[in-house]
There are 2 protein chains.
Amino acid sequence: MAGAGRDCSIANALGVIGERWSLLALREVLLGERRFDQIAHNTGASRDILAARLRTLVERGVLARVQYQERPPRYEYVPTEAGRALRPIMLGLMEWGDRYVTDGPGPTRWEHDCGAELHPEMVCGHCHAPVLPGTTSLVRLGQVR
Amino acid sequence: MAGAGRDCSIANALGVIGERWSLLALREVLLGERRFDQIAHNTGASRDILAARLRTLVERGVLARVQYQERPPRYEYVPTEAGRALRPIMLGLMEWGDRYVTDGPGPTRWEHDCGAELHPEMVCGHCHAPVLPGTTSLVRLGQVR
DNA sequence: GTGATAGGTTGGATTATTGGACCGACTCCT
DNA sequence: AGGAGTCGGTCCAATAATCCAACCTATCAC
């Protein structure tokens with residue numbers, strides 16, 4: 001792991017969800033798949049790596065591991081508040097992938113309650129204007145350690 | 001690499017920017033650092049890995065490598081349109097990291113033109129209502145291959 | 001007893017990453 | 001002219017992570 005680099009919440013966030021398969025596992029959980037085998041199948045991750053990733057996501061508070069039956073004990077993974085808070089970011093990543101990576105129409109599509117196909121946009125939480133380059137200024141920058 | 005898993009633009013996006021150091025390198029470029037040595041220093045990545053990451057980001061159209069002087073030839077990395085389109089996502093990730101990972105106040109802070117400290121929010125591009133769980137419905141889901 | 005389901009663990013082979021040294025082609029200082 | 005510094009990398013051996021298939025435990029259904 002990196003002991004250096006800029007003090008930055010992006011780096012900290014990537015420390016939690018930045019490893020390979022973590023975000024795809026979370027995608028499945030947010031889509032409603034909560035069982036190990038289903039997550040393994042739908043992501044394509046190998047089972048040992050997936051087990052490790054789910055463990056760290058639980059440790060870091062993004063998912064919770066909930067027993068849904070005794071005898072035999074069986075567990076499912078459910079998103080915590082922190083996990084649900086990643087949903088907009090995943091939708092943003094999906095939008096970016098649709099636009100700049102995936103050929104043809106997006107394989108997964110959402111509709112918003114307003115009736116339109118969902119194309120999420122990032123806005124300022126205060127004035128609700130789009131966050132565009134040039135409309136923001138740096139107040140404080142994390143130092144490089 | 002994964003040959004299987006769900007057909008999904010999140011997975012496709014991660015194929016481009018999901019490797020370790022890629023997003024941190026992009027963060028530095030978007031912050032205005034364009035030189036190899038500075039990016040290496042500010043991220044903490046080893047130089048050979050950084051060179052490899054920058055190469056794939058250029059290949060995939062997220063960055064461009066531009067010669068800024070001859071004799072000796074020197075290059076800098078600038079964001080393309082696709083790279084700039086990742087800015088809102090990085091800000092969202094920063095917001096998430098500030099809230100759920102980083103202890104204390106966020107090390108990097110932005111102000112929006114409206115005067116408020118920036119706390120970005122994801123909204124529907126059509127009706128501008130926040131994208132909350134329960135306000136969207138799946139129209140089409142990428143199949144697992 | 002045979003299969004199926006669920007949630008993993010184990011082992012061995014392959015790949016990726018790390019950190020530091022090194023390099024070529026300059027420029028700047030003295 | 002000699003020496004140091006800059007820039008954008010590459011090369012190397014040691015270490016760490018990942019992949020895949022096989023295996024395991026417990027239980028239920030037949």
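To find a chain, count down the sequence lines: A is the first, B the second, and so on, and within it residues start at 1. All values reported here derive from a predicted model rather than from experimental measurement.
- For the OP1/OP2 pair of D:dC7 and a distance below 4.0 Å, the side-chain nitrogens and oxygens of B:Tyr77 include no atom meeting the criterion.
- Rounded to whole Å, the distance from CD on A:Glu76 to C1' on C:dG8 is 16 Å.
- The interatomic distance linking A:Arg20 (CZ) with C:dT17 (C1') rounds to 15 Å, in whole Å.
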Item to complete: Output, in order, the C-alpha distance, side-chain angles, deciding distance and verdict of side-chain hydrogen bond (donor to acceptor under 3.5 Å, both in side chains) for A:Thr102 and B:Asn12.
Response: CA-CA 6 Å; A:Thr102 306; B:Asn12 295 345; 2.8 Å; yes
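- In this structure, the CG atom of B:Leu50 is 10 Å from the P atom of D:dT10, given to the nearest Å.
- Of the charged side-chain nitrogens involved, none lies within less than 4.0 Å of a carboxylate oxygen, so that B:Arg65 and B:Glu76 do not count as a salt-bridged pair.
- With distances taken from any side-chain atom of A:Arg53 to the nucleotides C:dT18, D:dT18, C:dT9, the minimum falls on D:dT18.
- Taking every side-chain heavy atom of B:Tyr75 into account, D:dG9 is the closest of D:dG9, C:dT5, C:dT10.
- Nucleotides of DNA chain D nearest to A:Pro73 and A:Arg47 differ in position, and the one nearer the 5' end is that of A:Arg47.
- Computed from coordinates, the B:Ile49 CD1 to D:dC11 P distance equals 13 Å when rounded to whole Å.
- Following rounding to the nearest Å, B:Leu24 (CG) and C:dT18 (C1') show an atom-to-atom distance of 16 Å.
- Contact annotation: B:Arg65 reaches the phosphate of D:dG9 (side-chain N/O to OP1 or OP2, under 4.0 Å).
- One can place CG of B:Asp37 at 9 Å from P of D:dG9, the figure rounded to the nearest angstrom.
- Rounded to a whole Å, the CG atom of A:Asp48 is 13 Å from the C1' atom of C:dT14.
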Worksheet item: A:Ser9 and B:Asp98: side-chain hydrogen bond (donor to acceptor under 3.5 Å, both in side chains), yes or no, with the steps?
Response: CA-CA 6 Å; A:Ser9 283; B:Asp98 279 346; 2.4 Å; yes
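- Rounded to an integer number of Å, the gap from B:Leu54 CG to C:dT17 P is 14 Å.
- Residue contacts for A:Arg74: at a heavy-atom cut-off of 4.0 Å it reaches a base atom on one of the strands shown.
- Summarising the geometry, atom CZ belonging to B:Arg140 is positioned 13.5 Å from atom CH2 belonging to A:Trp110; distances are rounded to the nearest 0.5 Å.
- Within the 4.0 Å cut-off from OP1 or OP2 of D:dC19, at least one side-chain nitrogen or oxygen of A:Trp21 is found.
- OP1 or OP2 of D:dG8 sits under 4.0 Å from a side-chain N or O of B:Tyr68.
- Note on B:Arg71: every side-chain N or O is 4.0 Å or more away from OP1 and OP2 of C:dG24.
- Of the residues listed (A:Tyr75, A:Tyr68, A:Tyr77), the one engaging A:Arg35 in a side-chain hydrogen bond (donor to acceptor under 3.5 Å, both in side chains) is A:Tyr68, and it is the only one.
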